[in-house]
S.K.: 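Sharing a structure here in structure tokens format.
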Amino acid sequence: MKIQLPDGSPLELPDGATGADAARAIGEGLARAALGIRVSENGTGELRDLSAPLPDGASIEIVTGKSPEDGMGPLWLIRHDAAHVLATAVTELYPGVKVSIGPPIDDGFYYDFDFPEGVTVSSDDLERIEQKMREHIKADERFERSELPVAEAIERFRAEGQDYKVELIEDLVRDEGIESVSLYRNGPFTDLCRGPHSPSTKRIGAFKLTSVAGAYWRGDASRQMLTRIYGTAFLSKDDLEEYLRRLEEARARDHRKLGRELGLFMLSDVAPGMPFWLPKGTHVWNELTTLWRSTNVDRGYTEVRTPILYDVELWKKSGHWHVYRDNMYFTDIEDQPMGLKPMNCPAHCQIYLREARSYRDLPIRFAEQGLVHRHEPSGTLHGLLRVRHITQDDAHVFCTEEQIEDEVLRCLDFGFHIYDQFGFKPRLELSTRPEKRVGTEEMWDKAEAVLQGALESRGLEYDLNEGDGAFYGPKIDLHMTDTIGRSWQLGTVQLDYYMPEQFELTYTGADNAEHRPAMIHRALMGSFERFIGILIEHYAGELPLWLAPVQAIALPIADRHVPYARLVANELAASGVRVELDDRTESVGRKIRDAELQKVPFMLVVGDKEEDAGRVAVRRHREGDIGAMAVSELAEKLAAEIARRA
RNA sequence: GCCGGAGUAGCUCAGGGGUAGAGCACCGGUUUUGUAAACCGGCUGUCGCGGGUUCGAAUCCCGCCUCCGGCUCCA
């Protein structure tokens with residue numbers, strides 16, 4: 001048989017030859033380094049076991065530690081291996097444990113177990129499990145693949161009490177009509193597994209179990225809670241250490257830690273999920289508000305303010321009572337049931353309804369820094385990134401059918417304009433019609449086409465999230481990741497045909513007939529809370545000058561320089577700079593250190609020399625001394641930089 | 001909400017049935033400082049909350065709250 005190598009050259013092999021044979025035919029070194037093989041038949045490549053026979057005429061590529069990862073590469077293989085070794089160790093250490101699934105993931109792998117009644121595993125147990133895993137890796141056990149008819153496989157796993165495996169096979173039979181399954185054995189452990197695997201356990205260069213967590217079987221909250229053990233594996237010890245070091249650094253950028261250290265906000269047991277904004281954090285918030293307000297004016301929005309508490313009848317009409325009640329807070333006022341708003345749309349509809357609207361008025365764009373409350377489950381709260389008190393940079397655009405496309409594009413462009421300001425590169429997601437929805441198929445066809453068209457007309461990459469739209473319309477979401485890679489939705493642009501219907505919004509057309517406007521719901525930053533949280537992590541607390549709570553601090557060298565330092569501070573303040581004065585009786589080294597730790601962009605050191613010359617010695621955060629300049633020159637420079645929002 | 005872990009001074013953390021500790025912060029004093037921590041002294045606590053066991057509980061047990069990591073949810 002003949003196969004083709006990546007450089008296009010052919011390789012002749014005996015019939016029935018395997019990937020391992022091919023590697024050996026190319027070279028002993030390659031054979032030793034080989035972890036897997038990528039086999040392409042008819043153009044589609046697939047990662048396979050080295051032990052699998054090669055099809056005649058295929059193109060192959062031996063996967064080694066140096067191969068690109070590209071979705072499924074060397075790391076995928078050894079992490080998959082490591083998951084099996086983890087299950088091997090756990091089944092040995094905990095007799096009676098049931099195994100479920102254990103895939104490789106972005107940064108490592110996990111395996112989900114159902115431990116016998118009364119057995120709990122905590123992070124204290126990980127070391128013991130790692131020890132056992134090391135034994136199996138040291139023993140360099142081979143991964144051996146075998147196939148078994150479905151009936152036999154079910155019988156086997158049932159006999160072993162491995163109910164989850166039985167369920168998996170039964171589902172594979174039902175959904176894919178398979179007749180046999182593949183099993184992989186390494187040492188004493190055999191697992192139902194599609195593969196592929198590297199040749200043996202020793203290929204796992206370095207690994208570490210990282211955490212224990214709960215996870216529902218099949219991601220279904222109504223089913224058994226399993227114990228998930230997370231780990232990570234790399235080809236070398238150095239890679240592992242580098243990864244752990246990066247994780248450590250990432251923790252230092254955590255907005256919750258920085259928020260406390262920099263005095264931006266606080267959280268308290270007396271109001272879980274509802275941040276308190278400290279004076280410094282409030283400056284950040286206010287700067288963002290100024291940006292928000294001016295850009296909304298620039299783009300034709302008018303600002304409104306609406307109540308946060310409404311008669312429950314409104315929520316019944318809007319549909320929230322039916323679909324969103326569990327996420328809302330209710331109270332009675334003089335026996336009248338009221339609900340705190342979880343969204344601003346019904347409020348903006350009330351304003352729309354206040355007067356008769358003409359097609360000449362459209363589009364009408366109401367923007368509000370809208371305060372909504374949502375009952376987020378207690379276990380999901382997370383600093384500023386998941387809160388119950390949410391201040392949205394919300395807006396609703398009421399427009400005609402013909403205006404929708406243009407308005408959607410304007411929303412997106414507006415969003416990118418804001419994100420550019422911070423150097424954010426959001427990941428885009430298009431969510432389409434969910435199973436539970438309102439409106440006609442034609443409406444959905446058009447709405448989805450409009451959103452997709454908007455993305456494509458801007459040449460934007462996006463992930464399609466089928467069936468995940470709002471019940472009233474599809475949406476485009478803007479996502480950012482936090483410091484350890486968790487994805488958070490910030491902005492959203494949604495097309496809504498439902499709310500105008502519910503509230504009977506109308507406008508008079510050129511034909512003098514009544515028409516129904518469409519509604520675009522959009523929040524671009526998403527919420528101030530979440531946006532600032534991401535902002536803090538993005539900048540690692542080193543906010544750009546215009547956002548920095550304290551933009552400059554005057555540092556007198558000795559007490560006798562305090563009056564001059566105060567003069568300097570006053571002059572800067574008069575130019576609109578947020579400036580402080582450190583008049584403590586401390587060494588200048590101490591004052592600098594404290595200002596550096598507070599990440600103050602400009603430190604202004606003043607002593608005899610500066611006072612005599614009417615100048616300040618300027619020190620830039622992290623850069624150090626950048627030389628002396630006249631106070632007026634500095635004031636001008638800072639004011640200009642702040643105005644540019646650079 | 002679910003699973004696991006944690007909660008001791010403002011912060012970071014030690015202690016683990018018998019008088020509550022350290023460093024930093026804070027306060028007082030001395031030093032008057034030239035680009036990342038001057039020196040000396042002092043203060044600081046419902047050991048998350050409630051109940052129980054005990055002669056005695058921060059420590060053991062039960063319930064609750066909050067936080068952390070996941071999962072579900074949200075989007």
Side-chain angles (χ1 to χ4, degrees), chain A residues 105 110 112-115 119-126 210-230 251 254 256-257 260-261 263 266-273 324 326-327 342-343 374-383 385-388 390 392 429 431 434 465 468-470 475-479 484 486-492 494 523 526-527 530 555-562 584-599 603-610 617-628:
Chain A
I105 51 174
Y110 67 78
D112 286 348
F113 303 98
D114 186 3
F115 286 94
V119 177
T120 56
V121 173
S122 77
S123 46
D124 297 339
D125 301 304
L126 294 182
T210 49
S211 64
V212 180
Y216 297 108
W217 169 233
R218 306 213 129 173
D220 183 342
S222 68
R223 305 200 62 179
Q224 181 71 30
M225 172 63 72
L226 305 174
T227 302
R228 174 169 298 178
I229 299 178
Y230 281 96
R251 275 190 253 277
D254 190 311
R256 294 166 299 186
K257 180 176 153 70
R260 184 173 53 243
E261 290 172 355
M266 61 176 242
L267 296 161
S268 163
D269 289 2
V270 299
Y324 212 75
D326 291 347
N327 294 299
M343 298 182 193
R374 297 182 183 173
H375 177 247
E376 304 292 331
S378 57
T380 65
L381 301 178
H382 186 95
L385 298 182
R386 182 97 181 242
V387 293
R388 287 177 174 157
I390 306 167
Q392 298 180 311
E429 223 172 71
S431 295
N465 201 353
D468 220 20
K475 59 200 181 74
I476 295 170
D477 291 330
L478 288 72
H479 288 250
I484 63 169
R486 291 175 289 217
S487 183
W488 298 89
Q489 186 207 301
L490 299 180
T492 185
Q494 329 183 323
S527 75
R530 187 175 279 184
L555 308 178
I557 282 173
D559 287 349
R560 67 176 178 281
H561 305 120
V562 168
R584 292 176 301 169
T585 304
E586 285 288 354
S587 69
V588 72
R590 174 54 174 271
K591 293 176 189 176
I592 286 171
R593 176 184 155 79
D594 289 345
E596 286 284 355
L597 289 174
Q598 284 295 304
K599 306 181 196 294
M603 286 150 279
L604 316 173
V605 179
V606 293
D608 292 334
K609 275 186 289 181
E610 289 75 20
V618 182
R619 179 188 167 106
R620 193 85 166 84
H621 174 59
R622 287 176 74 105
E623 282 173 32
D625 197 341
I626 60 169

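Predicted, not measured: the structure shown is a model, and the values here were computed from it. The chains referred to below are lettered A, B, ... by the order of the sequence lines, with proteins before strands, and numbering in each begins at 1.
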S.K.: Is the shortest side-chain N/O distance from A:Thr380 to OP1 or OP2 of B:rC73 below 4.0 Å?
M.R.: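 Negative; the distance criterion is not met.
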S.K.: Within the structure shown, what part of the strands sits under 4.0 Å from A:Asp269 by heavy-atom distance: base, sugar-phosphate, or nothing?
M.R.: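 Here A:Asp269 touches the backbone only, sparing every base.
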S.K.: Whole-Å distance between B:rC24 P and A:Arg593 CZ?
M.R.: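 Value for this atom pair: 12 Å.
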S.K.: Between A:Asp468 and A:Lys475, is a salt bridge (Lys or Arg N to Asp or Glu O under 4.0 Å) present by the stated rule, with each step listed?
M.R.: CA-CA 9 Å; A:Asp468 220 20; A:Lys475 59 200 181 74; 5.8 Å; no
S.K.: Categorize A:Asp468 for me: base, sugar-phosphate, or nothing, with a 4.0 angstrom heavy-atom threshold over every strand shown.
M.R.: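 Counting heavy atoms under 4.0 Å across all strands, the contact made by A:Asp468 includes a base.
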S.K.: If the P atom of B:rG21 is compared with that of B:rA58, how far apart are they to the nearest Å?
M.R.: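 14 Å, rounded to whole Å.
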S.K.: Output yes when A:Arg218 and A:Asp220 qualify as a salt bridge under the 4.0 Å nitrogen-oxygen rule, no when they do not.
M.R.: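 So A:Arg218 does not pair with A:Asp220 through a salt bridge.
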S.K.: Just call it for A:Arg486: base, sugar-phosphate, or nothing, with non-hydrogen atoms closer than 4.0 Å on any strand.
M.R.: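 The residue A:Arg486 makes sugar-phosphate contact but no base contact.
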S.K.: Using the P atom on both, measure B:rC43 against B:rG34 and round to a whole Å.
M.R.: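 Comparing P positions in B:rC43 and B:rG34 gives a spacing of 32 Å.
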S.K.: Scan A:His382 against the nucleic acid and name what it touches under 4.0 Å (heavy atoms): base, sugar-phosphate only, or nothing.
M.R.: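 If one applies the 4.0 Å heavy-atom cut-off, A:His382 turns out to touch the sugar-phosphate alone, with no base involved.
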S.K.: Give A:Ser123 one of three labels, base, sugar-phosphate or nothing, depending on what nucleic acid heavy atoms sit under 4.0 Å from its own.
M.R.: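 Nothing, no heavy atom under 4.0 Å.
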S.K.: Write down the distance between CE (A:Met225) and P (B:rC2), rounded to a whole number of angstrom.
M.R.: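 Distance check: A:Met225 CE to B:rC2 P gives 9 Å.
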S.K.: If only side-chain N and O atoms of A:Tyr230 are considered, is one of them under 4.0 Å from the OP1 or OP2 phosphate oxygen of B:rC71?
M.R.: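 A:Tyr230 to B:rC71 OP1/OP2: side-chain N or O found under 4.0 Å.
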S.K.: Output the rounded distance in Å from CZ (A:Arg590) to P (B:rA38).
M.R.: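 That distance rounds to 6 Å.
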S.K.: B:rU66 P sits how many Å from A:Arg256 CZ, rounded?
M.R.: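 It is 16 Å, rounded to the nearest whole Å.
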S.K.: Could you tell me how far B:rU66 sits from B:rU30 if I compare only their P atoms? Round to whole Å.
M.R.: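 One P to the other, the span is 49 Å.
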S.K.: Just wondering, do A:Arg486 and A:Ile484 contact through their side chains at under 4.5 Å, heavy atoms?
M.R.: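 A side-chain contact exists here, since the closest heavy-atom pair is under 4.5 Å.
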S.K.: For the base of B:rC73, is there a side-chain donor-acceptor partner from A:Arg374 under 3.5 Å away?
M.R.: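 There is none.
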S.K.: Does A:His479 have any ring pair (Phe, Tyr, Trp, His ring centres under 6.0 Å) partners at least two apart in sequence or in another chain, and if so, which?
M.R.: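 So A:His479 forms no ring pair (Phe, Tyr, Trp, His ring centres under 6.0 Å) with any residue.
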S.K.: Figure out the CD/C1' separation between A:Gln224 and B:rC71, and round it to whole Å.
M.R.: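 Going from A:Gln224 (CD) to B:rC71 (C1'), I get 13 Å.
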S.K.: How close or far is atom C1' of B:rU30 from atom CG of A:Asp559, stated in whole angstroms?
M.R.: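 Going from CG in A:Asp559 over to C1' in B:rU30 covers 13 Å.
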S.K.: Give A:Gly607 one of three labels, base, sugar-phosphate or nothing, depending on what nucleic acid heavy atoms sit under 4.0 Å from its own.
M.R.: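 Base: the residue A:Gly607, judged by heavy atoms under 4.0 Å, touches a nucleobase.
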S.K.: Just how far, in rounded Å, is P of B:rA37 from NZ of A:Lys591?
M.R.: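 About 14 Å, once rounded to whole Å.
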S.K.: Heavy-atom nearest nucleotide on RNA chain B for A:Arg619 versus A:Ala213: which residue maps closer to 5'?
M.R.: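 Comparing both residues, the 5'-ward one is A:Arg619.
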S.K.: Does A:Leu381 reach a base, just sugar-phosphate, or nothing at all? Heavy atoms under 4.0 Å.
M.R.: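 Counting heavy atoms under 4.0 Å across all strands, the contact made by A:Leu381 is with sugar-phosphate only.
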S.K.: Less than 4.5 Å apart, any side-chain heavy atom of A:Lys591 and any of A:Pro556?
M.R.: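 Counting from C-beta outward, A:Lys591 and A:Pro556 do come under 4.5 Å.
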S.K.: Assign A:Tyr324 to base, sugar-phosphate, or nothing according to its heavy-atom contacts below 4.0 angstrom with the strands shown.
M.R.: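 Sugar-phosphate contact only - A:Tyr324 comes under 4.0 Å of backbone atoms but never of a base.
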S.K.: Which part of the nucleic acid, if any, lies within contact of A:Glu610, taking any heavy atom under 4.0 Å across all strands shown: a base, the sugar-phosphate backbone alone, or nothing?
M.R.: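 Base: the residue A:Glu610, judged by heavy atoms under 4.0 Å, touches a nucleobase.
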S.K.: From the options B:rA38, B:rU32, B:rG34, select the nucleotide whose nearest atom is closest to the side chain of A:Val605.
M.R.: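 The closest nucleotide is B:rG34.
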S.K.: When the P atoms of B:rU59 and B:rG15 are considered, how many whole Å apart are they?
M.R.: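 One P to the other, the span is 16 Å.
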S.K.: Can you tell if the side chain of A:Gln224 reaches within under 4.5 Å of the side chain of A:Leu226, non-hydrogen atoms only?
M.R.: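 Side-chain contact under 4.5 Å: yes.
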S.K.: Please work out if A:Glu586 contacts a base, only the sugar-phosphate, or nothing of the nucleic acid, heavy-atom cut-off 4.0 Å.
M.R.: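 The residue A:Glu586 makes base contact.
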S.K.: Looking at B:rC71, B:rG34, B:rA36, which one has an atom nearest to any side-chain atom of A:Glu596?
M.R.: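 Closest nucleotide among those given: B:rA36.
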S.K.: Measure CD1/A:Ile229 against P/B:rC3 and give the value in whole Å, please.
M.R.: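 It is 17 Å, rounded to the nearest whole Å.
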S.K.: Once you apply a heavy-atom cut-off of 4.0 Å, does A:Ala558 come out as touching a base, just sugar-phosphate, or nothing?
M.R.: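 Base contact - A:Ala558 has a heavy atom under 4.0 Å of at least one base atom.
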S.K.: Kindly say whether, by distance alone, the side chain of A:Arg622 makes a donor-acceptor pair under 3.5 Å with the base of B:rA36?
M.R.: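 There is none.
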S.K.: Remember a base hit wins even if backbone is also touched, and classify A:Gly379 as base, sugar-phosphate or nothing at under 4.0 Å, heavy atoms.
M.R.: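 A:Gly379: base contact, heavy atoms under 4.0 Å.
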S.K.: For A:Ala617, report the nucleic acid contact type (base, sugar-phosphate, nothing); a contact means any heavy atom under 4.0 Å.
M.R.: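 If one applies the 4.0 Å heavy-atom cut-off, A:Ala617 turns out to touch a base.
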S.K.: What is the base-pairing partner of B:rA6, counting Watson-Crick and G-U wobble geometry with both distances under 3.5 Å?
M.R.: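 Matched B:rA6 with B:rU66 under the 3.5 Å cut-off.
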